[in-house]
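Have a look at the structure below before the remarks.
Every chain is numbered from 1, with letters handed out A, B, ... down the list of sequences.
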Amino acid sequence: MPPHGSCFHEPVSFMDYNFSEIEQRWRTWWKEHAIYKTTHDQSRPKQYVLDMFPYPSGAGLHVGHPLGYIASDIYARYKRMKGYNVLHPMGFDAFGLPAEQYALETGQHPAVTTAQNIARYKQQLDNIGFSYDWDREVITSDPNYYKWTQWIFIRLFHAWFDRNSQRARPIAELIAAFDKNGNAGIPIPGEEDTVFNREQWKQCSTAEQREILMKYRLAYLDWAEVWWCEALGTVLANDEVINGVSERGGHPCVRKKMRQWMLRITEYAERLLAGLEGLDWSEAMKDMQRNWIGKSYGAEVRFDLRDHDGHIKVFTTRPDTLFGVDFMVLAPEHEMVGRITTKMQQQEVAEYKRYTQRRSERERISETKTVTGAFTGAYAVHPFTHKAIPIYISEYVLAGYGTGAIMAVPSGDERDHAFAKHFDIKITNVFGARYDGTVAYSDKEGTIEGSDFLSGLPVPKAIEVAIRALEDGGIGTRRVNYKLRDAGFSRQRYWGEPFPITYQNDIPYTNDEPELANTHSALPLTLPHVDSYRPGPEGQGPLANIEDWVHTPQGTRETNTMPGYAGSSWYFFRYMDPHNEQEFASRKATDYWQQVDVYVGGTEHAVGHLLYARMWTKTLADLGYVAFDEPFKKLVNQGMIQGSSRFAYLNREQKKFSSFSDQLKANQPGALEAIRVSVDLVDGLVLDVEAFRKWRPDYADFRFEPAADGKFYCSAEVEKMSKSKYNVVNPDDIVAKYGADTFRMYEMFLGPIELSKPWDTQGIEGVHRFLKKLWRLYLNEAGDWLPTDVPATEDMLRSLHRTIKKLGEDIERFGFNTCVSALMICVNELSVSGCRNEGILESLVRILAPLAPHLSEDLWHRFGHEGSVTMADWPAWEAAFLTESSKTYPVAVNGKPRTEMSFSLDENEGNIREAVLANETIAKWLEGREPKKFIYVKGKMINVVV
RNA sequence: GCCCAGAUGGCGGAAUUGGUAGACGCGCUAGACUCAAAAUCUUGUUUCGGCAACGGAGUGCAGGUUCGAUUCCUGUUCUGGGCACCA
């Protein structure tokens with residue numbers, strides 16, 4: 001019979017710490033009493049504690065996943081006890097490639113496998129005793145959720161970024177401005193030179209007008225590169241392409257342009273950069289975002305072509321080196337390449353372009369050893385010296401960065417230098433003696449030389465003078481450049497949000513626009529059923545295969561789907577108001593819960609998810625839907641828990657495995673083969689040989705040569721935890737064996753939350769012993785309740801209050817490993833002193849509650865409380881119990897500690913000096929010398945310098 | 001290649017503001033209880049020399065600042081994470 005309430009006074013025969021019975025009982029009780037239900041409560045301050053929601057993979061959770069969840073759960077529970085109304089939800093980032101891949105292989109619908117995976121994840125999470133309010137669960141692939149993802153996309157489509165006010169505004173306001181003044185003062189992003197007046201605007205056809213508007217929209221269509229695999233007839237993700245061939249099948253892949261949806265995140269570059277200042281994120285994380293945004297100051301310079309009309313624009317951060325330009329390099333994809341390449345060079349250029357098409361961007365920018373490129377045969381004209389400048393193409397210039405073209409200054413840039421040497425281009429020195437002809441001088445120290453009007457000027461001054469000369473001559477302009485690029489928002493896949501877009505004559509309309517006669521307006525636009533998950537024609541997604549879905553009387557539907565980050569860019573709003581059918585979240589809800597106070601997740605999201613979520617929040621704020629424009633106030637990054645793999649050593653010729661030792665490897669190098677052993681078959685390093693033989697029947701008749709003690713040892717190596725390495729540890733197994741409370745505390749005890757560290761199943765015993773020891777403070781073997789009203793000693797009180805203070809401080813700063821140590825020390829002390837004082841022991845239960853909620857709940861109820869310990873108050877520590885009157889000082893001579901001496905804390909320095917110098921040990925080290933200096937730091941140490 | 005982080009006993013780690021390096025735990029060691037095992041309790045455990053007292057060395061490596069450096073500075077090596085369609 002399941003227990004109810006706190007009425008469990010029925011006799012229990014087994015009075016040891018019976019974690020499985022305790023944990024099951026209280027999990028049921030929490031559920032029945034909806035302990036973790038969160039409501040809108042104005043009377044308490046709010047606290048929003050959020051985990052990055054997981055992608056529910058088919059492999060289930062391993063012990064590494066819950067690390068951050070445990071930390072945030074402890075924090076959330078602590079904040080509840082401190083009187084906050086805590087929002088601590090969980091959900092699933094459920095769209096994604098793996099489910100689709102699985103569907104391709106097995107034919108099972110991604111919705112089905114995803115639902116199964118989510119069910120498994122939830123069960124695993126519940127096993128660990130998290131305080132999530134599951135009523136607020138968010139699943140990105142649920143139509144009731146992605147309805148609002150689509151709704152936000154429509155807002156992005158109908159919005160543009162006003163550079164003057166630095167915020168997004170409805171597109172209707174842009175149209176109004178065009179009707180009045182054309183695009184005067186509102187340049188087209190990326191095409192700032194294109195200007196039209198009101199008449200020109202009005203003369204445009206609707207199609208032309210919409211084409212112009214597309215260049216402003218925050219969600220827009222453009223041509224962008226993807227990996228295209230001809231043999232598979234599909235677009236591939238970066239990590240599906242390895243060295244230019246597909247991961248599956250090894251078919252050649254090339255970069256190909258496709259028409260895609262993009263997000264104009266570049267318009268937010270400045271705000272995304274500035275917004276970082278006020279955030280409580282690690283400096284490392286902010287640096288990564290700053291670096292990604294990549295703001296740089298410089299100039300855009302126009303180089304006219306010698307034998308053609310037109311010009312090439314370059315962006316440079318070093319306009320001061322303009323006189324050192326010896327050649328130019330265009331990205332192979334640069335639009336100008338086809339036009340300017342001479343007949344002589346056409347074949348070479350075409351071949352080189354084919355080569356770069358197979359190269360990933362990463363390969364192109366990382367390649368430093370071999371220089372590649374091709375000469376176009378064309379020349380530009382230097383704007384000041386008018387000398388002819390040869391134009392090359394090379395992979396190290398990327399089309400997407402700056403203008404896709406550079407002016408090359410070999411004396412001042414390492415890559416340009418290598419390029420010049422390789423192609424035997426004469427190098428002009430603009431750094432005088434600082435360039436020695438062998439290594440480019442790229443420092444910004446010193447003066448510029450041999451550069452006409454710039455000669456003799458120090459670099460910063462030269463940059464200014466050069467920019468002014470460029471602007472005066474109408475040759476260039478001062479410019480700020482960002483490395484940040486607009487984000488691709490199309491995927492040629494099935495398992496993602498469909499776009500609420502319909503094309504009429506190739507013009508995209510959002511489904512709520514009047515042109516579609518309101519026939520498509522209802523959201524969500526649900527994913528239609530497909531019979532096959534194979535790609536559609538010409539690289540389109542599987543949706544393109546469903547003729548009668550694509551073709552509607554009003555037009556043809558968009559067949560791309562949204563990328564994985566669409567749903568995760570705003571889910572933190574939905575938790576605030578998860579069942580709202582009118583809005584993505586009400587203003588009342590978002591105004592109450594505001595920003596996420598603490599966001600916990602891995603660094604791998606540093607620049608992807610965290611940047612997109614910030615942009616979406618800014619857009620929603622600009623359009624008036626929420627009141628704040630930064631989603632995550634504080635960010636905590638958890639490290640990874642790595643696997644500890646095991647290897648057995650095999651001499652295949654002799655059909656013999658040898659127990660591992662340091663000598664073994666040294667004695668037989670080359671002859672030994674390391675064979676992976678599942679961690680399930682190993683106790684520490686000792687292999688269960690019989691189990692291994694069963695696991696790998698192909699080795700069943702091999703010999704196993706044990707060590708001298710008769711055991712067979714494996715070697716260990718720290719690696720990523722993954723199935724293929726046989727080092728995955730499932731939290732379910734750990735919880736079954738030791739209980740969730742032990743598991744939670746052990747994960748925290750392992751080390752600082754932000755560091756990566758290997759999992760070691762053996763170490764968990766220590767934490768488990770600690771909980772058993774704690775249990776014995778409350779109940780003896782006979783099951784008698786031990787706490788009574790006996791008085792507490794001063795030592796006990798000091799021990800308790802020191803621990804209360806430390807726990808509070810450590811939880812606030814996410815230092816959970818030291819929390820566990822502090823509790824261990826406290827329990828050790830209370831055990832030694834035989835503490836039975838119920839006041840102390842009850843406080844101990846409270847401070848244990850965030851870390852070990854099941855055990856604490858059980859003891860809490862044994863104290864006679866009816867409510868949950870979750871709602872108990874966090875005890876206050878009292879300074880009176882912590883003050884010490886004296887200190888045992890380390891006394892050092894010349895910085896080396898030689899002895900210890902105790903002094904009262906209010907002893908004056910003169911007396912201390914006298915006593916120290918009189919001390920026998922110190923006198924011995926002084927050897928009669930007069931101390932040069934006497935250093936006394938109150939409460940810390942004493943140092944005598946001779 | 002670029003950006004970021006980390007390196008302390010056999011292992012995970014502690015030392016929160018520059019002040020006794022190794023807390024706490026694992027493992028190992030010796031012992032108590034037990035027919036035995038488990039559980040529990042007790043002892044020791046950075047390393048070298050020494051019975052000990054004590055002394056030398058020691059926080060990836062090489063320097064520097066300081067009365068004093070795991071902590072600050074310069075350089076360097078190695079490991080891990082990210083680099084735009086994995087999530």
- prompt: For A:Gln492, which contact category applies under a 4.0 Å heavy-atom criterion: base, sugar-phosphate, or nothing?
  reply: base
- prompt: Looking only at atom types and distance, does a side-chain atom of A:Gln289 sit under 3.5 Å from a main-chain N or O of A:Lys286, one as donor and one as acceptor?
  reply: no
- prompt: Does the separation of the ring centres of A:Tyr746 and A:His768 fall below 6.0 angstrom?
  reply: no
field: A:Glu100 CD to B:A87 P, straight-line distance once rounded to whole Å
entry: 10 Å
message: Any donor-acceptor pair under 3.5 Å linking the side-chain atoms of A:Ser756 with those of A:Gln642?
response: no
message: Going by the rule ring-ring contact (aromatic ring centres under 6.0 Å, His included), which residues pair with A:Phe816 if we only count those two or more places apart in sequence or in a different chain?
response: A:Phe814
query: Which whole-number value in Å describes the distance from A:Tyr55 OH to B:C85 P?
result: 17 Å
- line: So the stems of RNA chain B, runs of at least three Watson-Crick or G-U pairs (under 3.5 Å), are B:1-7 with B:77-83, B:10-12 with B:24-26, B:30-32 with B:40-42, B:46-49 with B:54-57, B:60-64 with B:72-76
message: By the rule that syn is within 90° of 0, classify the base conformation of B:G31 as syn or anti.
response: anti
- prompt: Are any side-chain N or O atoms of A:Asn481 and backbone N or O atoms of A:Ser296, one a donor and one an acceptor, separated by less than 3.5 Å?
  reply: no
message: Looking at B:C85, I'd like to know if its phosphate oxygens (OP1 or OP2) sit under 4.0 Å from a side-chain N or O belonging to A:Arg491.
response: yes
Any donor-acceptor pair under 3.5 Å from A:Asp486 side chain to A:Ile265 backbone: yes
message: Taking A:Arg485 first and then A:Glu361, would you say they form a salt bridge - that is, a charged N and a carboxylate O separated by under 4.0 Å?
response: yes
- prompt: Which whole-number value in Å describes the distance from A:Met748 CE to B:C24 C1'?
  reply: 16 Å
query: The side chain of A:Lys933 lies closest to which of these nucleotides: B:G13, B:C85, B:C67?
result: B:C67
Write out a two-atom table: protein N or O, nucleotide N or O from nucleotides 73-82 of chain B, distance below 3.5 Å.
none

message: In this structure, how many angstroms lie between the P atom of B:C24 and the CZ atom of A:Arg802, rounded?
response: 12 Å
- request: Describe the nucleic acid contact of A:Gly96 in one word from base, sugar-phosphate, nothing, applying a heavy-atom distance below 4.0 Å.
  value: sugar-phosphate
What nitrogen or oxygen pairs link the protein and nucleotides 6-11 of chain B at under 3.5 Å?
none

field: Aromatic centroids of A:Tyr533 and A:Tyr494 separated by under 6.0 Å
entry: yes
Do any N or O atoms of the protein come closer than 3.5 Å to N or O atoms of nucleotides 39-41 of chain B, and which pairs are they?
unit_1, atom_1, unit_2, atom_2, d
B:U40, O3', A:Arg776, NH2, 3.3
B:C41, OP1, A:Arg776, NH2, 3.2

task: Return the set of residues passing side chain to side chain contact (heavy atoms under 4.5 Å, CB included) with A:Met258 (not counting sequence neighbours), or none when no residue passes.
output: A:Val226, A:Val235, A:Gln260, A:Gln492
message: Quick check: A:Trp775 with A:Tyr17 (ring centres under 6.0 Å apart)?
response: yes
message: Please enumerate all residues that pass ring-ring contact (aromatic ring centres under 6.0 Å, His included) together with A:Tyr612, with sequence neighbours excluded.
response: A:Tyr565
message: Treating A:Asn727 as the side-chain partner and A:Lys720 as the backbone partner, does any N or O pair qualify as donor plus acceptor under 3.5 Å?
response: yes
message: By the 4.0 Å heavy-atom rule, please label A:Lys483 as base, sugar-phosphate, or nothing.
response: base
task: Would you mind reading off the distance between A:Asn817 atom CG and B:G25 atom P, rounded to a whole angstrom?
output: 14 Å
- line: residues 934-946 of chain A vs salt bridge (Lys or Arg N to Asp or Glu O under 4.0 Å), sequence neighbours excluded, gives none
task: Report which part of the nucleic acid A:Pro752 touches: base, sugar-phosphate, or nothing (heavy-atom distance under 4.0 Å, all strands).
output: sugar-phosphate
- prompt: What pairs with A:Tyr889 under ring-ring contact (aromatic ring centres under 6.0 Å, His included), at least two apart in sequence or on another chain?
  reply: A:Tyr936
query: Can you check whether A:Tyr571 and A:Phe53 have ring centres sitting under 6.0 Å from each other?
result: yes
Below 3.5 Å between N/O atoms, which protein atoms pair up with nucleotides 17-22 of chain B? Just atom names and distances, please.
unit_1, atom_1, unit_2, atom_2, d
B:U20, O2, A:Glu900, OE2, 3.2
B:U20, N3, A:Glu900, OE2, 3.2

task: Could you state the atom-to-atom distance from CG of A:Leu610 to P of B:C4 in whole Å?
output: 17 Å
task: Answer with base, sugar-phosphate or nothing: what part of the nucleic acid does A:Asn828 contact at a heavy-atom distance below 4.0 Å?
output: sugar-phosphate
message: For nucleotides 49-57 of chain B, give me one character per nucleotide, 5' to 3': B if any protein heavy atom sits under 4.0 Å from the base, S if the only such contacts are to the sugar-phosphate, - if neither.
response: ------SSS
- request: Return the value, rounded to whole Å, for the distance between atom CG of A:Leu750 and atom C1' of B:C26.
  value: 11 Å
message: Once you apply a heavy-atom cut-off of 4.0 Å, does A:Ile764 come out as touching a base, just sugar-phosphate, or nothing?
response: nothing
- prompt: Which of these nucleotides, B:C85, B:C4, B:U16, is closest to any side-chain atom of A:Asn238?
  reply: B:C85
field: Backbone of A:Ala94 reached by a side-chain donor or acceptor of A:Trp495 within 3.5 Å
entry: yes
Side-chain donor or acceptor of A:Asn919 paired with backbone N/O of A:Ile922 under 3.5 Å: yes
Minimal non-hydrogen separation, A:Leu543 against A:Asn560, with atom names: CD1-O, 4.4 Å
field: Whole-Å P distance, B:G68 and B:G44
entry: 34 Å
field: Separation of atom CD in A:Gln260 from atom C1' in B:C85, rounded to whole Å
entry: 9 Å
query: Just how far is it from atom CG of A:Asn943 to atom NZ of A:Lys896, taken to the nearest 0.5 Å?
result: 11.5 Å
- prompt: With rounding to whole Å, what would you report as the distance between B:C61 and B:U8 at their P atoms?
  reply: 10 Å
query: Checking all strands, does A:Ser568 fall into the base, sugar-phosphate, or nothing category for heavy-atom contacts under 4.0 angstrom?
result: nothing
message: With salt bridge (Lys or Arg N to Asp or Glu O under 4.0 Å) as the rule and sequence neighbours excluded, what pairs involving residues 744-760 of chain A come up?
response: A:Asp73-A:Arg744
